[in-house]
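Taking it in order: structure first as structure tokens, then the write-up.
Below, all heavy atoms of this structure are taken into account, side chains as well, without hydrogens, waters or symmetry copies.
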Amino acid sequence: MHKKGQASLKAAARYFKLFVNRLAYTVQSRRPGENGKHYYYRPKDNRRLTLETIREHLSGQLTVGFYALNPSTQRSKWVAIDADYETALDDLLKLQWELRQDGVEAALEKSRRGGHLWIFAAKPLLARQCRIYIYNLARRLRVPVKGGAGLAEGIEVFPRQDELRPDEFGNGIRGPLGVHRAVKRRFWFYGADYKLDAQLDYLERLKKITEEEMAAFVDGLEMPQEFRPRPMVMLPPYDPMRREFRILDYVRPGRRRSGNYWARCPSCAEQGRDRSGDNLAISVADPRKYKCWAGCQREMIRAALGQPIRVKRAG
Ligand SMILES: [Zn+2]
């Protein structure tokens, strides 16, 4: 028996069936970091996800994040579209309506600043196909995609990768119906009563996409060029004496953590963002490697510093 106010193991089992792709998971920190963000981390002992952990998640005792992609199959039970910018809900509703035209029922979940749109599979679908489908849909609807075509704001599609190596985890997303540690509240799906059983009933009732349907959706489509991963650039060994652009001449990092300096991203700052001043990670070992976690591209960062990347001309 479970205590009043606590989710049952039966509810946890129903939830597991809907959302869990692999037994590795993350937990949201109870206390915020210096910048106020509540990070997700993998449990120290690499413990596997159990129904008891899910029960605790559903009861609000802890908050777990799930991985979208299982590297042993390269498949996922779901696709989640995360949007948290100003017009996020408009874009998610646009996507939901358009999906409906394909016969796909997508469930809209509230989030802290926007929402997550969830699509479920009858049986796990190839991440590659799911991604081709959603990115093409977004492009057709002119819904902005974060990182695509240099955009710092836009939707993010989970799975974030087409494939993973066996030792990779990819990106995780907050497990629905848990309690967000920062705001200490639960975010519900709009489609049903705000009660756990009603929500699970609703999610189970949604029409699930079959492999045949997905194959038909992506027939003849490929990943739009602007969303393809860029080829890795091989850099010569780092030589601090060599004359070249040095980002550390332009930005002053606030602090150092896990092999990186962390600084305010100049491109974010230009748009009045990155108030916490830690979107830009710069590798301590090789400062030529830097990355904005809000998705600004190198060209945008260089331009914001008044040091635009020169385009090499042929000949
Ligand atoms: Zn940025």
Side-chain angles (χ1 to χ4, degrees), residues 18-26 40 42 49 65-84 91-92 95-96 98-99 102 104 106-107 116-176 208-234 281 289 291-298:
L18 285 161
F19 291 105
V20 178
N21 285 304
R22 61 182 298 182
L23 298 182
Y25 68 105
T26 58
Y40 287 85
R42 276 213 305 284
L49 188 62
F66 296 127
Y67 293 111
L69 188 44
N70 188 322
S72 66
T73 57
Q74 312 296 4
R75 288 169 185 266
S76 177
K77 289 179 175 177
W78 43 260
V79 181
I81 304 170
D82 179 8
D84 66 357
D91 285 341
L92 290 178
L95 285 162
Q96 189 184 36
E98 194 67 17
L99 284 161
D102 275 348
V104 176
H116 297 163
L117 192 62
W118 293 81
I119 300 159
F120 297 91
K123 285 195 184 128
L125 296 167
L126 284 170
R128 180 184 304 278
Q129 292 193 336
C130 296
R131 290 169 47 75
I132 289 175
Y133 178 49
I134 301 298
Y135 279 93
N136 275 282
L137 201 66
R139 187 197 212 196
R140 202 164 77 225
L141 297 175
R142 297 180 191 282
V143 167
V145 176
K146 196 165 171 172
L151 291 179
E153 280 191 343
I155 60 166
E156 289 181 87
V157 180
F158 294 77
R160 292 274 296 273
Q161 292 81 18
D162 288 347
E163 286 183 359
L164 294 176
R165 291 196 315 260
D167 59 334
E168 288 181 319
F169 293 93
N171 296 75
I173 188 166
R174 173 172 56 78
K208 312 290 188 290
I209 310 182
T210 65
E211 179 131 34
E212 293 70 34
E213 283 170 315
M214 182 52 81
F217 294 155
V218 299
D219 187 35
L221 294 181
E222 48 181 40
M223 187 58 103
Q225 189 70 46
E226 65 268 35
F227 304 134
R228 288 185 202 169
R230 297 175 160 206
M232 281 259 282
V233 180
M234 294 304 280
K289 294 178 188 152
K291 180 184 168 78
C292 167
W293 288 95
C296 301
Q297 288 182 349
R298 193 167 270 255

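Side-chain contact between V79 and I209 is absent, with no heavy atoms from C-beta onward closer than 4.5 Å. Contact check for L117 versus I155: no side-chain heavy atoms found under the 4.5 Å cut-off. Looking only at side-chain heavy atoms (C-beta outward), F66 and V20 come within less than 4.5 Å of each other. Looking only at side-chain heavy atoms (C-beta outward), L18 and W78 stay at 4.5 Å or farther from each other. Side-chain contact between T210 and K123 is absent, with no heavy-atom pair separated by less than 4.5 Å.
Between F227 and Y135, the ring planes lie tilted relative to each other; the angle falls in the 30° to 60° range.
Once rounded to the nearest 0.5 Å, the distance linking CD1 of I132 with CG of D219 reads 11.0 Å. One distance of note links NE2 of H116 with CD1 of I173; it measures 4.5 Å at 0.5 Å rounding. With values rounded to the nearest 0.5 angstrom, C292 atom SG is found 10.0 Å from Q297 atom CD. Rounding to the nearest 0.5 Å gives a distance of 11.0 Å between CE of M223 and CZ of R139. To the nearest 0.5 Å, atom CD1 of residue I81 and atom CG of residue D91 are 10.5 Å apart.
Looking at residues two or more places apart in sequence or on another chain, you find no side chain to side chain donor-acceptor pair (under 3.5 Å) involving R42. Checked against ring pair (Phe, Tyr, Trp, His ring centres under 6.0 Å), Y25 has no partners two or more places apart in sequence or in another chain. Applying the ring pair (Phe, Tyr, Trp, His ring centres under 6.0 Å) rule to F217 yields the partners Y133; only residues at least two apart in sequence or on another chain are considered. Every residue meeting the side chain to side chain contact (heavy atoms under 4.5 Å, CB included) condition with E153, not counting sequence neighbours, appears here in chain and number order: Y85, R273. Partners of A216 by side chain to side chain contact (heavy atoms under 4.5 Å, CB included), not counting sequence neighbours: none found. With sequence neighbours excluded, the residues that form a side chain to side chain contact (heavy atoms under 4.5 Å, CB included) with A107 are F189, Y202, L203, L206. For the salt bridge (charged side-chain N to carboxylate O under 4.0 Å, His left out) test, no residue two or more places apart in sequence or in another chain qualifies with E212. In this structure R142 satisfies the side chain to side chain donor-acceptor pair (under 3.5 Å) test with no other residue, sequence neighbours excluded.
A donor-acceptor pair under 3.5 Å links the side-chain atoms of N70 to the main chain of S72, judged by distance alone. Using a distance-only test at 3.5 Å, with no hydrogens or angles considered, no donor-acceptor pair links the side chain of N136 to the main chain of P224.
Nearest heavy-atom pair, W293 versus A281, reported as atom, atom and distance to 0.1 Å: NE1-CB, 3.4 Å. Summarising the geometry of A24 relative to F169, their closest heavy-atom pair is CB-CE2, 3.6 Å, with the distance given to 0.1 Å. Annotation for R22 and L69: closest pair CD-O, 3.6 Å, computed over non-hydrogen atoms.
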Sequence neighbours excluded and cut-off under 3.5 Å, please list the side-chain donor-acceptor pairs for residues 158-165, or say none.
residue, atom, partner, partner atom, Å
R160, NH1, E156, OE1, 2.7
Q161, NE2, N171, OD1, 2.7
D162, OD1, R131, NE, 2.7
D162, OD2, R128, NH1, 3.4
E163, OE2, R128, NH2, 3.1
R165, NE, D167, OD1, 3.3

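For K289, the NZ atom sits in a loose shell: 12 or fewer heavy atoms of surrounding residues, nucleotides or ligands are nearer than 6.0 Å.
Screening residues 67-83 for salt bridge (charged side-chain N to carboxylate O under 4.0 Å, His left out), with sequence neighbours left out, gives R75-E211.
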